[in-house]
Amino acid sequence: MASPTVYRRTLPCPPAVDFTSPEGKKIFIEALRQGTMEAFFKLISYYQAQSEPAYCGLATLSVVLNALSIDPGRKWKGPWRWFDESMLDCCEPLEKIKAHGITFGKVACLAGCNGAKVEPFRSDESSVNDFRNRVISCSSSEDCHVIVSYHRAVLNQTGAGHFSPIGGYHAERDMVLILDVTRFKYPPHWLPLTLLWDAMSTIDQTTGHYRGYMIISKLNRAPSILYTVSCRHDGWNSVAKFLTEDLPQLLKSEDLKDIQEVFSVVFKSPPSELSELITWIAEVRRQEDGNLSLSKEERGRLAIKADILKQIRTTAPFKHVTRWLDSESSYCNTFPNLGDKDMLPALAADVCCRGAGLLTGCGSLGLSSGKCCRQIDVKQLNVDRENPVTLVSGTVTTGGSSEQGVEVLVPLCQREPSSLCLSNEGHCIGMHPSTADVLTVLLLSLPLQTWLGIKEEKVRVEVTSLLTTEDLSPLLQEEVLFLREQLHFLMTDIDAPRL
């Protein structure tokens, strides 16, 4: 028996006013004269329908990122760099989003790790007047856009939680234009701003937190992010609980005599998923036939990433972390699999697989390291004397007999071999972000109040002084604060105190 089908829905009017109706056109013309439709033209140029019923957050973000002319730094199809829903899976696997949708905090996190400046406001953290003022500001400019998260039932529409961008504002009528990304269901429409606020002032049952809105603008710096928070794994909530609840309590309960003992509490107590919390963003591209040259943009990003690595390795926390790793209570013994990731071929195979998923629109391939990539080849490219680059190439099977050649560009930051982890076997290469690098940025990205419960005042002062961001270089400080912001966005999605 054939399943019933639906061709669109009738837009409930009122409270909505169809954008294409005579009244909707009149409101648009009036708002255009008032100067509060400037954001509309950029958004409408990149306006798209979500490709899956649960992709409203991804489609909304794709529209806004493209409207802000943010370069994703990786290819979409052919030679084109362009944001598409299939590329927005760094916080949540696409299959999971397809089944369950995406939360407010993870949309904010996604926007940040794709080169945008994000200012999120849940409705219980803001007011309707603040919301109105921010809508007016962004509607009168091309430099920022408003994404809203609301419950459709309040608007007499079918469905539940939903994301869409705001395309404009009419001051006298106090109405906003919703560019609904479910174009197959409802057309763009005008709504009373106060009614939309009521729809945002509802609780998302998935997280137990209020919905809200976020202001998205372009970062005034190069797309050079090296590290990002990964919450793709199922154990993310347990890691979050450890960092926000368990760790501060452990630090209060232990009689810690020095920094090494503090680090032992941090690194020996957490769930094993902590090793997957901070990941590094590789430059991934389709394999070009015999062409090993790098574009100006690729060279620029890799140079900045290599510089960040060098700066991390000159910090005092890095020296303490390497000392701890080299001690009898080595982190490698605690999480033996993490040490294996410092071997470039194994790491390259893993990144190669994930990169192929992004490039082919398949999302995460769900295959373990070394099982989907073959013919791994590692070359060093002397782009310039100061910034050599490692090129990892491989062939990936993407389903059936289909194959995809992938190249991963790795910043090369050489260091002297040490006894860390697998160096006795000759595997501590140091050609990419290592265990010590990742643990250092993790410590720096935790808020200083994490350490305030340490009993011994001398140790507490030493730790907080060591992990302050004030003395970091501007580039590394941006990197650390970005991670801290990501953690904050994600923590608001779970029942845990905020970072």
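No experiment lies behind these values; they were computed from the predicted model shown.
Counting all heavy atoms, side chain and backbone alike, Gly159 lies closest to His151 at O-CE1, 4.0 Å. Scanning all heavy atoms of the two residues, the minimum distance from Glu38 to Ser141 falls at CB-N, 3.7 Å. Across all non-hydrogen atoms, the minimal contact from Ala31 to Trp190 is CB-CH2, 4.3 Å. The two residues Ile216 and Ala116 make their nearest non-hydrogen contact at CG2-CB, 3.7 Å. Summarising the geometry of Pro15 relative to Leu195, their closest heavy-atom pair is CB-CD2, 3.4 Å, with the distance given to 0.1 Å. Shortest non-hydrogen contact noted between Leu243 and Pro248 is O-CD, 3.6 Å.
One distance of note links OG of Ser62 with CD of Glu85; it measures 5.5 Å at 0.5 Å rounding. Taking OG1 of Thr315 as the reference point, atom CG of Leu444 lies at 6.0 Å (rounded to 0.5 Å). How far OG of Ser164 is from CG of Leu43: 11.0 Å, rounded to the nearest 0.5 Å. The line from CE of Met200 to OG of Ser126 is 8.0 Å long, rounded to the nearest 0.5 Å. Expressed to the nearest 0.5 Å, how far CG of Leu177 lies from NE2 of His170 amounts to 12.0 Å. Leu196 CG to Tyr213 OH: the interatomic distance, rounded to the nearest 0.5 Å, is 11.0 Å.
A donor-acceptor distance shorter than 3.5 angstrom exists from the side chain of Thr450 to the backbone of Pro447, with no hydrogens or angles considered. In terms of modelled atom types and a separation under 3.5 Å, the side chain of Asp204 and the main chain of His209 share no donor-acceptor contact. Under the 3.5 Å distance criterion, the side-chain polar atoms of Ser137 are left unmatched by any main-chain donor or acceptor of Asn133. In this structure, the side chain of Glu119 does not engage the main chain of Ile215 through any donor-acceptor pair within 3.5 Å. Remark: side-chain polar atoms of Ser139 are not paired, donor with acceptor, to backbone N or O of Ile136 under 3.5 angstrom. Formation of a donor-acceptor pair under 3.5 Å by the Ser21 side chain with backbone atoms of Asp18 is found in this model. Formation of a donor-acceptor pair under 3.5 Å by the Arg484 side chain with backbone atoms of Ser445 is found in this model.
At least one side-chain heavy atom of Gln205 sits under 4.5 Å from a side-chain heavy atom of Ile203. The shortest distance between side-chain heavy atoms of Phe41 and Leu32 falls below 4.5 Å. A heavy-atom distance below 4.5 Å is found between the side chains of Thr464 and Leu452. Residues Leu110 and Asn114 form a side-chain contact, since some pair of their non-hydrogen atoms from C-beta on lies under 4.5 Å apart. By the 4.5 Å heavy-atom criterion applied to side chains, Asp174 and Tyr169 are counted as neighbours. Ile97 places a side-chain heavy atom less than 4.5 Å from the side chain of Tyr55. Contact check for Leu475 versus Gln311: side-chain heavy atoms found under the 4.5 Å cut-off. Taking 4.5 Å as the limit, every side-chain heavy atom of Thr158 sits out of range of all side-chain heavy atoms of Arg152.
For CZ of Phe131, the number of neighbouring non-hydrogen atoms (other residues, nucleotides, ligands) closer than 6.0 Å is greater than 12. The number of heavy-atom neighbours closer than 6.0 Å to CZ of Arg9, taken from other residues, nucleotides and ligands shown, is 12 or below.
For the pairing with Val135, the side chain to side chain contact (heavy atoms under 4.5 Å, CB included) check across Ile166, Val148, Thr36 returns one residue only, Ile166. With Asp180 as the partner, the side-chain hydrogen bond (donor to acceptor under 3.5 Å, both in side chains) test is satisfied by one option alone out of His162, Gln157, Lys185, Gln50: His162.
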Side chain to side chain contact (heavy atoms under 4.5 Å, CB included) between Lys117 and Ser217, worked out = CA-CA 5 Å; Lys117 178 182 177 182; Ser217 56; 3.5 Å; yes
Show the numbers, then the answer: is there a side chain to side chain donor-acceptor pair (under 3.5 Å) between Asp198 and Tyr150?
-> CA-CA 8 Å; Asp198 291 341; Tyr150 58 98; over 6 Å; no
Worked check of side chain to side chain contact (heavy atoms under 4.5 Å, CB included) between Phe28 and Met37 | CA-CA 8 Å; Phe28 173 79; Met37 293 300 299; 3.4 Å; yes
For side chain to side chain donor-acceptor pair (under 3.5 Å), just list the numbers for Asp84 and Ser86, CA-CA rounded to whole Å, side-chain angles, deciding distance to a tenth of an Å, and then say yes or no.
-> CA-CA 5 Å; Asp84 178 74; Ser86 63; 2.6 Å; yes
In sequence, state the C-alpha distance, the side-chain angles, and the governing distance for Asp437 and Thr440, and then conclude on side chain to side chain donor-acceptor pair (under 3.5 Å).
-> CA-CA 5 Å; Asp437 305 319; Thr440 300; 5.9 Å; no
Taking it one step at a time, do Leu94 and Lys98 satisfy side chain to side chain contact (heavy atoms under 4.5 Å, CB included)?
-> CA-CA 6 Å; Leu94 293 178; Lys98 188 184 295 187; over 6 Å; no
Go through the steps to decide whether Phe163 and Leu61 satisfy the test side chain to side chain contact (heavy atoms under 4.5 Å, CB included), and finish with yes or no.
-> CA-CA 9 Å; Phe163 289 92; Leu61 194 52; over 6 Å; no
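Ring centroid separation for the pair Trp82 and Tyr46 comes in under the 6.0 Å cut-off. Checked against the 6.0 Å centroid criterion, the rings of Phe40 and Phe19 qualify as a close aromatic pair.
The side-chain tip of Arg211 does not point at the ring of Phe104 from less than 6.0 angstrom away and within 45° of straight on. With a 6.0 Å cutoff to the six-membered ring centre and a 45° limit on the axis angle, Arg183 counts as a cation-pi contact of Tyr47.
Remark: Glu23 engages Arg173 in a salt bridge, criterion side-chain N to carboxylate O under 4.0 Å. Of the charged side-chain nitrogens involved, none lies within less than 4.0 Å of a carboxylate oxygen, so that Lys218 and Asp143 do not count as a salt-bridged pair. Using a cut-off of 4.0 Å between Lys/Arg side-chain N and Asp/Glu carboxylate O, Arg122 and Glu125 are scored as not salt-bridged.
For residues 148-180, no residue pair satisfies the disulfide bond (SG atoms under 2.5 Å apart) rule, not counting sequence neighbours.
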